Amino acid sequence: MLPKGDKISIQMNYSFRIPADGSDRMGRLYTKKGVVYTIAQWYPRMCVYDDVEGWNTLPYMGLGEFYCDYGNYDYYITAPSEMIVYGSGDLQNPTEVLTNEQIKRLSAAAATDQKVTIVDAGEIGKPSTRPTKQPMLTWHFTMKNTRDVAWAASKGLVWDAARVNLPSGKHAMPMSAYPPESIGDTAWSRATEYLKNSMEIYSKNFYEYPWGTAVNIGSNITGMEYPGMIFNDWKETNAPLWFVITHEIGHNWYPMIVGSNERKYMWQDEGFNSYINYYANDIFNHGEYANDPALFNKNHFAWLDQSTLPDLRDPLITVSEAMDYAQHYQYYSKTAFGLKLLRDVVVGKDRFDYAFRKYTEAWAFKHPTPYDFFHCINSAAGEDLNWFWKQWFFTVWTLDQAVTEVKYVDNDPAKGAYITIENKNKMIMPVILKIVQSNGQSEIIRLPVEIWQRGAVWTLKYSSTTKINEVVLDPNHVLPDVNRRNNVWNMGK
Ligand SMILES: [Zn+2]
């Protein structure tokens, strides 16, 4: 091919045997009303050629997922006419594959925030739900500027839909299709509500959802993401169902819109997605699931659990296939926790939210490397955070701040105090210090990370007026300090 816009056509015959258990990426679920086929990684595709690596030929090894280039998809699925096919993107020929009643219900769904049922449990399998008696039907879908398309097909699913309201005033359509066994007020009857709200939260806070539809299929997949298409466990209920839906659709932002290399840098998709899921958990339905104990294990900010920190063996930058499998969850948790730390403690909410949004906008439909992310946040936040990136992503260093001594100027508390703090381990962080005087006065002092530039001991002059009763480092436990026993100094000490 010649540079600057030359084109090439490639035609290829290929066949594909649908696995019953496709490594939790696709599969076949047998239900009372029929088989649910979820289909992905189903056609030959080119490796990405980028301006950093050249050809990206790293093979699929299981844990690290995909690295895909963007393009416009125009595809046809021919299936037995008793089935309904759900595809990534926009259906181009509804009048050929749906009944007039179904088309009418879909346009009703496009006009309401409430779920509209397109196929209900009683209608499943009835000839009246299909527009033809011919044995086969061909479904035509298109999707623009996307890195992949996936699809599902079944004759046995309930199907509902609603409307997503996007910040620009545009709309998109969230849909769920699931076996009738999954119906229930604590189960999949709320799936479209979860999907719609997640899409609205992420669109408002990070980047507007760029496609027309998003489909959520109840299947034998624990949880898997494709552009405009997610496959989730049909047996999931309550808070975990909310979480798996908000997580898998969250991947439509990272890495489907912001197309990082999942195969090499799993933290850039799982970690960033876990970070945005935290906000969705908090916001959804006035915090319905924000403090749900069932979410605790899936709330990746729980990573603060200090017992896990000293045991980390591999830094986040480790390529997925080389990561200690037992610890791969740190791609989710340590990353999300690190971003929250930057937002809450290091950079501050306003500048960090601005910078993270800038990263998302600047790299939408492109291929950011980890360094593009670091540079983009440094630039947009207006602060050199390389000390943070280095220790958080390239090392397994831990933090241990300690308060070691309190002395008074001329032994007189009225003249002021010298408070000595130490950084015992290799990781550095800003310092948050609570100082309580014997007159009852209490104050929080914040020291920037730069105090550690010249060494691991820092003495602060504090304008005390009476004796100091207590000094507490990180009183609200926002830092990942692995040893809190040395965080408190008492007068009696
Ligand atoms: Zn994920």
Side-chain angles (χ1 to χ4, degrees), residues 22-27 38 40-41 60-68 88 146-148 150 191 194-195 198-199 201-202 205-207 209 214-234 236 239-281 284 289 294-303 316 318-321 323-340 356 360 368 370 373 393:
S23 302
D24 219 22
R25 307 278 185 225
M26 67 186 118
T38 43
Q41 286 88 40
Y60 176 72
M61 301 291 281
L63 184 56
E65 292 174 329
F66 308 100
Y67 185 34
C68 310
S88 295
T146 177
R147 37 179 273 173
D148 202 357
Y194 296 160
L195 183 60
S198 300
M199 292 168 73
I201 290 167
Y202 301 140
N205 290 290
F206 302 102
Y207 193 89
Y209 188 74
V215 191
N216 171 28
I217 302 286
S219 70
N220 59 335
I221 316 293
T222 314
M224 187 58 204
E225 69 278 10
Y226 298 97
M229 177 70 57
I230 56 177
F231 303 148
N232 290 316
D233 184 353
W234 67 289
E236 205 64 276
L241 178 62
W242 150 258
F243 190 82
V244 77
I245 291 174
T246 206
H247 179 82
E248 303 313 339
I249 197 64
H251 276 303
N252 269 247
W253 279 260
Y254 313 95
M256 304 306 166
I257 295 172
V258 182
S260 59
N261 184 343
E262 300 175 87
R263 204 154 283 181
K264 288 189 83 169
Y265 308 113
M266 194 167 156
W267 57 271
Q268 238 173 329
D269 73 301
E270 294 298 355
F272 291 7
N273 185 27
S274 299
Y275 171 72
I276 69 170
N277 300 157
Y278 170 84
Y279 295 100
N281 285 348
F284 170 66
Y289 295 129
L295 276 196
F296 183 79
N297 286 334
K298 292 183 173 178
N299 180 345
H300 299 302
F301 294 128
W303 183 81
L316 288 171
T318 307
V319 68
S320 324
E321 73 210 50
M323 175 66 83
D324 175 353
Y325 189 79
Q327 299 192 345
H328 80 276
Y329 241 53
Q330 68 155 315
Y331 282 130
Y332 301 66
S333 311
K334 188 181 176 185
T335 309
F337 185 79
L339 298 183
K340 182 168 157 52
F356 198 70
T360 307
F373 170 69
F393 291 93

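Keep in mind it's a predicted model, so treat the numbers as computed, not measured. The figures here come from the full heavy-atom set of this structure, side chains too, leaving out hydrogens, waters and symmetry mates. Whatever order the structure lists ligands and atoms in, that order sets their numbers, starting from 1.
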Exercise for review: Tell me the protein N, O or S atoms under 2.8 Å from the Zn ion (ligand 1), in chain and number order.
Suggested key: His247 NE2, His251 NE2, Glu270 OE1, Glu270 OE2
**Study point:** Any donor-acceptor N or O pair under 3.5 Å, side chains Tyr331, Ser274
**Key:** no
Exercise for review: Report yes or no: do Glu225 and Tyr254 form a side-chain donor-acceptor pair below 3.5 Å?
Suggested key: no
Check your understanding: So how far is it from Trp234 CH2 to Ile221 CD1, rounded to the nearest 0.5 Å?
Key -> 13.5 Å
Exercise for review: Test Asn273 against Asn277 for side-chain hydrogen bond (donor to acceptor under 3.5 Å, both in side chains), laying out the working first.
Suggested key: CA-CA 6 Å; Asn273 185 27; Asn277 300 157; 3.0 Å; yes
Check your understanding: Are the side chain of Thr146 and the backbone of Asp148 linked by a donor-acceptor contact shorter than 3.5 Å?
Key -> yes
Check your understanding: Under the salt bridge (Lys or Arg N to Asp or Glu O under 4.0 Å) rule, what pairs show up with a residue in residues 239-251, not counting sequence neighbours?
Key -> none
